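In what follows, a structure is listed as structure tokens, so that the remarks can point back to it.
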Number of protein chains: 2
Amino acid sequence: MVRQPAINAKDRAPLSIERIIEAALQIIDGQGLGRLTMRRLGDALEVEAMAIYHHLPRGKEQLLDGLVAHVAIAPADGRKAAGWREALTRWAHAYRKRLLDHAGVLPLLVTSRNPAALATTTASLREVLREGGVPEAAAAVAAHALLSYVIGHTALEVRGTGEDAVEVVDWDARFDRGLDLVLAAVNL
Amino acid sequence: MVRQPAINAKDRAPLSIERIIEAALQIIDGQGLGRLTMRRLGDALEVEAMAIYHHLPRGKEQLLDGLVAHVAIAPADGRKAAGWREALTRWAHAYRKRLLDHAGVLPLLVTSRNPAALATTTASLREVLREGGVPEAAAAVAAHALLSYVIGHTALEVRGTGEDAVEVVDWDARFDRGLDLVLAAVNL
DNA sequence: ACCTGAACACCGTTCAAGT
DNA sequence: ACCTGAACACCGTTCAAGT
């Protein structure tokens, strides 16, 4: 006879940090950061909230650190860029998309939480500049100005896109025009 | 006989929205946003937490909206600027200082909460550009790029200044160099 | 008008216990 | 090793009551 799992055995995929982070992102993206609680997260994972502590001993703090780390990585754009300016434009678009896709995590990004994750983002941007042949000294300023612009723009876009928005704005167009302005200065 | 207040009379200044906001800012600046609770706020004001609801019927939501409104107003710089570039530089420095002085409120600023407060900030910046004689079309892009840069830089600065900072950085110098880059592009 | 006290439904987290 | 259940100290908020 083939061995059957007992009726009461909970033979589902065991918990893992990846599954926990994924479920947390789904709650945040769907209901907002304020509704992310350990108990609700446990429900989503079909587990008691306390089980999460077995995988994240530092509890909710560690969970939030993990969320920041997750959005820090801008997915690489496969296409080959014609020059450093096009490469930077693509990087900026990819990072903005990442931030907007998980806009609920944004408040965590403007905290001193998990500063190591920020280094990841900076490194990927510096790599694009290096490949584009931008001199080291100019690259440092350019990277900082560009990253600041993308983060700041996204913050403004999120604020201006809420339910009771004050003004109707084409945020795609506004982003591109500001980006052009910043990139023009890099060229000087 | 001169009328004396009874021993048990609580003859202290009555609660007001201004006093509540002020006390909340003090808690945030000193202990962080996470430790701002209605009960602690009540303690700071020497009142039961429930008394706050008499002045802020929408409760903590309304309190947070008020905090966002408070940091939205960049204090005017008294000195007379020599030209639009100097005027913008001063505006940027003043706004960065405001954000850093209340860095704990920053997470609230990257939410869709109280979008009307954002209009206040934008208006003050647009006024500087108007006085500087920057043409309307260029001013719109410049204002957005500059405001984004200042907000984004401050977010990065707060992240890079925490207790377990990864790198030592002269944030004043970095801010100025990025600001110069953005302002150079406005000039084109 | 302004504040209090008790109560309710929720939170994050600990700890001993189960399998 | 992995998860549960009960418990603790805390939240935001309501509502009736006090002055």
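Note that the coordinates shown come from a computational prediction; the quantities given were computed from them, not determined experimentally. So you know, we letter chains A, B, ... as the sequences are listed, proteins then strands, and number each from 1.
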Can you tell me how far C1' of C:dT4 sits from CE of B:Met50, to the nearest Å?
9 Å
Looking only at atom types and distance, does a side-chain atom of A:Arg98 sit under 3.5 Å from a main-chain N or O of A:Ala72, one as donor and one as acceptor?
no
note: A:Arg39, atom CZ; D:dC8, atom C1'; distance rounded to Å ~ 11 Å
Can you list the steps and then say if B:Phe175 with A:His144 is a ring-ring contact (aromatic ring centres under 6.0 Å, His included)?
CA-CA 9 Å; B:Phe175 178 70; A:His144 178 250; 8.1 Å; no
Looking at every strand, decide which applies to B:Arg35 at a 4.0 Å heavy-atom threshold: base, sugar-phosphate, or nothing.
nothing
Nearest whole Å is fine: how far is D:dT4 P from A:Glu48 CD?
5 Å
Any carboxylate oxygen within less than 4.0 angstrom of a Lys/Arg side-chain nitrogen, looking at A:Asp65 and A:Lys60?
no
Is it the case that atom CZ in A:Arg177 sees more than 12 heavy atoms from other parts of the structure closer than 6.0 Å?
no
Taking 4.0 angstrom as the limit, do B:Asp101 and B:Lys97 come out as a salt bridge?
yes
Is the distance from OP1 or OP2 of C:dT4 to the nearest side-chain N or O of B:His54 less than 4.0 Å?
no
Euclidean distance, atom CZ of residue A:Arg58 to atom P of C:dT13 [Å, nearest integer]:
10 Å
Under 4.0 Å from OP1 or OP2 of C:dA1: is there any side-chain N or O of B:His55 that close?
no
Rounded distance (Å) that lies between atom P of C:dA1 and atom OH of B:Tyr53:
21 Å
State plainly whether the residues B:Glu61 and B:Arg58 are in salt-bridge range, i.e. N to O under 4.0 Å.
no
Using a 3.5 Å cut-off on both pairing distances, which stems of three or more Watson-Crick or G-U pairs include DNA chain C?
C:4-8 with D:12-16, C:12-16 with D:4-8
